[in-house]
Novice: 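Pasting a structure here, questions to come.
Note that this is a predicted model, so its numbers are computed, not measured. Note on naming: letters A, B, ... go to the chains in the order of the sequence lines (proteins, then strands), and numbering restarts at 1 for each one.
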Amino acid sequence: METKPIRGEQRAFMTGNEVIAWAALAAGAEVMYGYPITPQSEIMHYWARLAPRYGRRFLQTEDELAAGFTTLGAVLAGEVAFTATAGPGNVLMQEPLSMAEMMRLPAVVIIAQRGGPSTGTVIYSQQEFNLTCYGGNGEGLRIVYSPSHHQELFDYTLKAFHTAWKYRFPTFILGDGYQSKMREPVTLYDPAERGLEVAPSRPLVGVPGTPGRDRPPVHLRNTYNLEEELYEALQETIEAYDRAAPEIAEWEAYRAEDAEYLVVAHGVVARAAREGVRLLRDAGIRAGAFRPITLRPFPQKELREMASRAKTVLVMESSYGQLEREIRAQLYGLTVPLKGYRRPGVGITPEEVVREVQKYATRSAAPDA
Amino acid sequence: MLPARLPQMPEVWRLESKPHKFCPGCGHGIVLKCLGEAVEELGLVDRTVFACDIGCSLLAWDFFNLDTVQTHHGRTLPVLAGLKRVRPELVVVAYMGDGGAYAIGAQHLVASAGRDDPVTVIVVNNTVYAMTGGQMAPTTLPEEKTETTPYGRRVEENGPSLRGPELVASIASPGAYVARGSVARVRQLKGFIKKGLRAQVEGGHLAFIEALSTCPTNWRTNARETWRFLEEKMHKHFPLGEYAPAQAVREEGGGAQPPRKS
């Protein structure tokens, strides 16, 4: 049986969902367990077709709870496993992911954001920021990548499997319906051929030897009897997360070094921000863009440096202040004015970026503003 | 220091976590003794993964010298279904209460039975949510008093008491093993569990064993009343024995393709 799905560099023109399926294959994912929901279902469709050719597995479960928990079962067994969901499915997915957070289970979850609350739309939003970064009854001890174009969907899906197993935190690719459904050119490759590191998986239960005789039994729990017991266990996880955070955090800036007007956006909105900044620069306005690539852990230091040099920070998002709240917290203590542009469930164009920045630029240019 | 004479325990019981944490008079210890002996006698200690639900069953998380995973309320079956698919050489045992199996995790039970997942499921049925303080469960008997049915379970309001093995048998595939035992019939219960393990190991099928059990703490009963409730009320409402899975319905015209119009 063929084991390497991709040899050499393969140029392709495909939808984001297809890119993700290929990336998971290339990353060596053995298992996908999933449940249909728009706009991510085609990840399953492609996986279900491709997986048997490369000896990988698939199961369509009864709901997202089962998709999440079966994925955790595969992870416990030592397999590289993932699932994908969206919107109301992401809500249900928080239960298994909360267990993954507590027990340090490196599950990978692809989120294709759709409109909300509730069933919302099946199309697009950035409204699953809070849920994906901080969902569950815990502390947000997870890794969240927000790719912005198809090459990144491929690169960061590959990377998500590595990061998950290296640091043992549940890891998300936070995409959206636009990215899922549109076609773009992308280069597919095998990570080993590019010399990229892929952290090995290992079984957490069912390890060799007779438990109690050759080795202690593995006893994994998520329930503690006393407050202090939980506190200590959690402290260990929080310390591990904080230690790993600087190694994981990623960001991208565009003409931000000398920017007076700093636009902060993530995901596809960051593409509009970048193009808007280019147009603004052409018009003589010193604009720049900052994009957190990891939303958890957040690249705080770099954003603070750039924001502290700006006259205005403008947060643009397809949600109603979810990113803005995060940025406010990350910039706490700086005196730079922070403005928000909130378009829940609606896309943002470069023209809107230009228009919004110009409001502040014009105002500060006017002598009596 | 351990006492000079230990009570008879299966070797696979973990001494460090004994005496166990279940209430006096609780049936969990008996079920777990049957399971421990069955795993040992079948020589499965090396490759068994035990998973417990939330509810009183969570207390079994360090009970055995077996690799053990504590999961969420109702979610033990999907965890093991996902695990078993990628490690078929392992023997997986899902341990849960009647609330986890028949209420919050009912969809997983139905799906696993439908797929014939090779998992041995043990459901301890004591007719109440015990860990949370004795609320009504799907299995609470008609007229039975609980914290949420203080005047007794009214069938008109809450429906009749749910019978798990009968439900599972009605959707299980041929070859699956379904039985109901009781902590009042220890040898029979152990035999059911052994058969249930063999159905998974030898046949690759789902095995579902409900164990009728006692909860004097929430029933507010003394020893005699506890046993009487189990043997007189519960045994009558929940018949003990093995339940043959309903045969798959033979489709006329053959196959899964929709019939063509002639």
Side-chain angles (χ1 to χ4, degrees), chain A residues 30-33 35 56-81 83 92 94-100 102-103 105 107 136-137 201 203-225, chain B residues 11-17 21 43 45-55 58-92 94 104-112 114-115 117 119 131:
Chain A
E30 292 290 337
V31 183
M32 179 192 193
Y33 296 138
Y35 186 79
R56 319 293 174 87
R57 289 164 222 261
F58 172 67
L59 174 70
Q60 184 174 326
T61 58
E62 59 271 25
D63 58 17
E64 286 87 355
L65 294 166
F69 280 104
T70 48
T71 302
L72 299 188
V75 166
L76 284 160
E79 298 288 353
V80 177
T83 186
L92 290 182
Q94 294 309 314
E95 193 200 327
L97 267 296
S98 163
M99 179 166 130
M102 173 63 102
M103 298 166 92
L105 305 177
N137 55 340
S201 61
L204 303 172
V205 294
V207 293
T210 305
R213 198 174 302 156
D214 309 332
R215 61 170 177 90
V218 178
H219 287 151
L220 301 175
R221 64 166 159 169
N222 55 60
T223 317
Y224 293 85
N225 299 324
Chain B
E11 231 182 284
V12 73
W13 273 29
R14 185 164 176 77
L15 286 184
E16 288 86 335
S17 60
K21 305 174 197 88
V45 174
D46 282 358
R47 56 193 182 111
T48 297
V49 172
F50 178 73
C52 57
D53 217 73
I54 299 302
L58 77 82
L59 296 172
W61 76 278
D62 63 348
F63 196 95
F64 289 117
N65 276 322
L66 295 173
D67 286 357
T68 303
V69 186
Q70 189 179 60
T71 78
H72 279 192
H73 190 34
R75 316 298 176 217
T76 303
L77 245 174
V79 169
L80 289 185
L83 191 151
K84 177 78 179 182
R85 265 164 200 270
V86 295
R87 295 282 300 279
E89 78 280 10
L90 296 175
V91 182
V92 295
I104 195 167
Q107 76 273 40
H108 307 309
L109 182 59
V110 168
S112 274
R115 289 191 299 254
D117 285 333
V119 177
M131 181 62 98

Novice: If you count heavy-atom pairs under 4.5 Å with chain B, which of Leu72(A), Asp63(A), Leu204(A) comes out on top?
Specialist: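 Of the candidates given, the most pairs with chain B belong to Asp63(A).
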Novice: When rounded to the nearest 0.5 angstrom, what distance separates CG in Asn225(A) from CG in Leu58(B)?
Specialist: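 One gets 8.5 Å once the value is rounded to the nearest 0.5 Å.
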Novice: Non-hydrogen atoms of chain A under 4.5 Å away: do they reach the side chain of Phe64(B), the backbone, both or neither?
Specialist: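 For Phe64(B), backbone heavy atoms alone lie under 4.5 Å from chain A.
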Novice: Who pairs with Arg47(B) by salt bridge (charged side-chain N to carboxylate O under 4.0 Å, His left out), at least two apart in sequence or on another chain?
Specialist: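 Partners of Arg47(B) by the salt bridge (charged side-chain N to carboxylate O under 4.0 Å, His left out) criterion come out as none, since no residue qualifies.
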Novice: Is it the side chain or the backbone of Val31(A) that comes within 4.5 Å of chain B heavy atoms, both, or neither?
Specialist: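 The side chain, not the backbone.
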Novice: Select one option (side chain, backbone, both, neither) describing which atoms of Ile54(B) are under 4.5 Å from chain A's heavy atoms.
Specialist: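 It is the side chain, since no backbone atom gets that close.
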Novice: Heavy-atom pairs under 4.5 Å with chain B - which of Met102(A), Glu30(A), Glu79(A), Glu95(A) has more of them than the others?
Specialist: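 Heavy-atom pair counts peak at Glu95(A).
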Novice: Measuring from atom CZ of Arg213(A) to atom CG of Asn65(B), what distance do you get when rounded to the nearest 0.5 angstrom?
Specialist: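 Atom-to-atom, Arg213(A):CZ and Asn65(B):CG are 9.5 Å apart.
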Novice: Tell me, side chain or backbone of Leu90(B) under 4.5 Å from chain A's heavy atoms, or both, or neither?
Specialist: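 It is the side chain, since no backbone atom gets that close.
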Novice: For the pair Val205(A) and Leu83(B), evaluate side-chain contact (heavy atoms from CB on, under 4.5 Å) and give the outcome as yes or no after the intermediate values.
Specialist: CA-CA 10 Å; Val205(A) 294; Leu83(B) 191 151; 3.8 Å; yes
Novice: I need the Thr70(A) OG1 to Lys84(B) NZ distance, nearest 0.5 Å.
Specialist: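 Nearest 0.5 Å value for the OG1-NZ distance: 16.0 Å.
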Novice: If you round to the nearest 0.5 Å, how far is CG of Leu66(B) from OG1 of Thr210(A)?
Specialist: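 If I round to the nearest 0.5 Å, the distance is 10.5 Å.
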Novice: Do Glu62(A) and Val110(B) have side chains that get closer than 4.5 Å, going by heavy atoms?
Specialist: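 A side-chain contact under 4.5 Å is absent here.
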Novice: Just how far is it from atom CG of Asn222(A) to atom OG1 of Thr71(B), taken to the nearest 0.5 Å?
Specialist: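 Going from the CG atom of Asn222(A) to the OG1 atom of Thr71(B) covers 7.0 Å.
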Novice: Taking Arg221(A) for the side chain and Trp61(B) for the main chain, is one N or O donor matched with an acceptor at less than 3.5 Å?
Specialist: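 No.
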Novice: Quick one: CG on Asp46(B) to CG on Asp214(A), what's the gap to the nearest 0.5 Å?
Specialist: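 So the gap between those two atoms works out to 7.5 Å.
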Novice: Quick one: does Arg75(B)'s side chain have a donor or acceptor within less than 3.5 Å of a partner on Phe69(A)'s backbone?
Specialist: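 Pair absent, no side-chain N/O of Arg75(B) close to backbone of Phe69(A).
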Novice: Relative to chain A, which segment of Val49(B) carries a heavy atom at a distance below 4.5 Å: side chain, backbone, both, or neither?
Specialist: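 Contact with chain A is through the side chain of Val49(B) alone.
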Novice: Which atoms of Val75(A) are under 4.5 Å from chain B, going by heavy atoms: the side chain, the backbone, both sets, or neither?
Specialist: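 Neither; nothing under 4.5 Å.
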Novice: What do the steps show when you test Leu65(A) against His108(B) for side-chain contact (heavy atoms from CB on, under 4.5 Å), and what is the final call?
Specialist: CA-CA 9 Å; Leu65(A) 294 166; His108(B) 307 309; 4.1 Å; yes
Novice: Using modelled atom types only, decide if a donor and an acceptor are shared between the side chain of His219(A) and the backbone of Gln70(B) within a distance under 3.5 Å.
Specialist: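 Flag not set: sc His219(A) to bb Gln70(B) has no pair under 3.5 Å.
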Novice: Select one option (side chain, backbone, both, neither) describing which atoms of Arg56(A) are under 4.5 Å from chain B's heavy atoms.
Specialist: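 For Arg56(A), no heavy atom lies under 4.5 Å from chain B.
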